[in-house]
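Dropping the structure in here first, questions after.
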Number of protein chains: 2
Amino acid sequence: MAGTLRRTPLSRDRILRAAVALADQAGIESLSMRNLAQELGVVPMALYKHVANKDELLDGMIDVIVGEIDPPTPGADWKPAVRAGILSARQALRRHPWAPLAIEARNMATPAILAYLDSTIGTLLAGGFSVDLAHHVMHALGSRILGFSQELFDTSRDAGRTGASEPDPPAPLPPEVAARFPHVAAIATAASHDDASVVGQGCDDQFEFEFALDLLLDGIERLRQQGWTSSGRPGPGHQGG
Amino acid sequence: MAGTLRRTPLSRDRILRAAVALADQAGIESLSMRNLAQELGVVPMALYKHVANKDELLDGMIDVIVGEIDPPTPGADWKPAVRAGILSARQALRRHPWAPLAIEARNMATPAILAYLDSTIGTLLAGGFSVDLAHHVMHALGSRILGFSQELFDTSRDAGRTGASEPDPPAPLPPEVAARFPHVAAIATAASHDDASVVGQGCDDQFEFEFALDLLLDGIERLRQQGWTSSGRPGPGHQGG
DNA sequence: GAATCTAGGTGTACGGCGTACACCTGTCAA
DNA sequence: TTGACAGGTGTACGCCGTACACCTAGATTC
């Protein structure tokens, strides 16, 4: 029969790639097993021959993305190395706005994530960090180490929802809100006119990310130089007043 | 008719409280309009006379929790004031393990969140921060300002899943993982024996949270003292090598 | 070549979800 | 008495994830 054209057969890898693409362009909320199957020209249950269930699908998608990150090159100075790794992670994740939430929702140590963390820790240890300090540093960097700062109001989250990719205008905070929360208003309005390079947009995500990152890295470097130890440490102070 | 005992009537507030309680004890994933209605002895559609839809329900739940945070007391020294506010936020959120993800999933400026942010910003401005620096600081603190650090692996996320609240033992990282990721293993094992106060548990969440928080606050204080300005600033450096 | 195995795609069906919409009922104002 | 209206009800629709039985084509074995 001439009509039985066999499309390239399914495979776990093909499924994961299609899933990532679908989430990218249609939003994670419209990634269903059914939609994904249709995209692949296949019946929904066919997917289950390659992934155990939807959670495992999500884990796989995460690994695909994390695999795109190039880890810090060992041997170099720890600070620029870690910094570059984190910025690379950020760039990888920015292509997939749904990823941060997905990663957090399934707080799982997938192999790809572990590999990335391991190489980062390795860079720290090679840079003269004690195991203890390296541990705390990893916590301090938190999710930033994977390239997302988990802003409270993350505008990039909505991307891909509509398909169109206009960065949607500033939405300059309604006056009754400004009246009730004057300090918020002060910051919001200051940010929008101050900087020539950030016309229109509320603020420059990349700048804010690097600001916080460098704040941490600088503090960390200071602790390292001081030979930080957890007892009697001269590091971040616990004092109350 | 004696049989028509009228239970206390529904109200938006009663619904929100019941929803929070249900999410606390059964996990956010089993908070459905149907379950919630049953909990309240009412038919599912009854809820829609008080909340527009499930998203609005979630927003309301978030506001209930954020409302429990006591904001930094103005007038005091900015650093201990902000620190205390953030630790209070952390404590409030720790009672509701589902809250961080819910807050991030619906990146919305609810009134309660705005109020909290506003008072925090106010404290900064009163403490001598420029509007610009205050802005960057808020970004740098990120979600930490609401009391969660968004760890990559957040053990508290699972709480309430089973109903029992044993803190479930360390789960000491299977040997094949340890072999493949030696640096991760080094940190994981070091953390578990090193500190007498943290027996069994991998590491002390509270300590890590405060470590990162103080790292940031100390760096911020340094910038403030130097009279940080966005151009030609002596703050966190952008240098690559 | 025929029988058998098996990997992988199919079809049907179930229970759960959010919620639109029409409906009923008790309360209270006019 | 009437009528409006706030608020609880019942039914139904379309979506979801996925269990389970089935089919089918190619490989394996004799």
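Chain A is the first sequence line, chain B the second, and so forth, proteins listed ahead of strands; every chain is numbered from 1.
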Checklist outcome for this item: Per atom distances to the B:His50 side chain, the nearest of D:dT18, C:dG9, D:dG8 is D:dG8
Item to check | SB check B:Arg12 B:Glu56 (cutoff 4.0 Å) | outcome: yes
Next on the checklist: What's A:Lys54 touching, base or sugar-phosphate or nothing? Going by heavy atoms closer than 4.0 Å.
Outcome noted: sugar-phosphate
Item to check | For atom CZ of A:Arg14 and atom P of C:dG8, their distance in whole Å | outcome: 13 Å
Next on the checklist: Rounding to an integer number of Å, can you tell me how far A:Tyr48 OH sits from C:dG8 C1'?
Outcome noted: 16 Å
Next on the checklist: Measure CG/A:Leu36 against P/C:dG9 and give the value in whole Å, please.
Outcome noted: 13 Å
Checklist entry - Tell me: CG of A:Asn53 to C1' of D:dA19, nearest whole Å? => result 13 Å
Checklist outcome for this item: Closest non-hydrogen atoms of B:Ala46 and B:Leu10, given as atom of the first, atom of the second and distance, are CB-CD2, 4.0 Å
Checklist entry - When the distance from CG of B:Leu47 to C1' of D:dG10 is rounded to whole Å, what number comes out? => result 15 Å
Item to check | Under 3.5 Å: donor-acceptor pair, side chain of A:Arg144, backbone of A:Leu213 | outcome: no
Checklist outcome for this item: Among D:dG17, D:dC20, C:dC21, the one nearest any side-chain atom of A:Ser32 is D:dG17
Next on the checklist: Measure CD/B:Gln38 against C1'/C:dC17 and give the value in whole Å, please.
Outcome noted: 14 Å
Item to check | Presence of donor-acceptor pair under 3.5 Å, side chain of A:Arg34 and base of D:dG17 | outcome: yes
Next on the checklist: Side chain of A:Met33, heavy atoms from C-beta onward: which of C:dG11, D:dG17, D:dG10 has the nearest atom to it?
Outcome noted: D:dG17
Next on the checklist: Strictly distance-based, threshold 3.5 Å: is any side-chain N or O of B:Ser88 a donor or acceptor partner for the main-chain N or O of B:Ala84?
Outcome noted: no
Next on the checklist: So if I take every side-chain heavy atom of B:Val42 and compare against D:dG8, D:dC16, D:dT11, which nucleotide ends up nearest?
Outcome noted: D:dG8
Checklist entry - Just how far, in rounded Å, is C1' of C:dC17 from CD1 of B:Ile28? => result 15 Å
Checklist entry - B:Met45 has an atom CE; how far is it from atom C1' of D:dC13, in whole Å? => result 12 Å
Checklist entry - With ring centroids as reference points, do B:His136 and A:Phe207 lie under 6.0 angstrom apart? => result yes
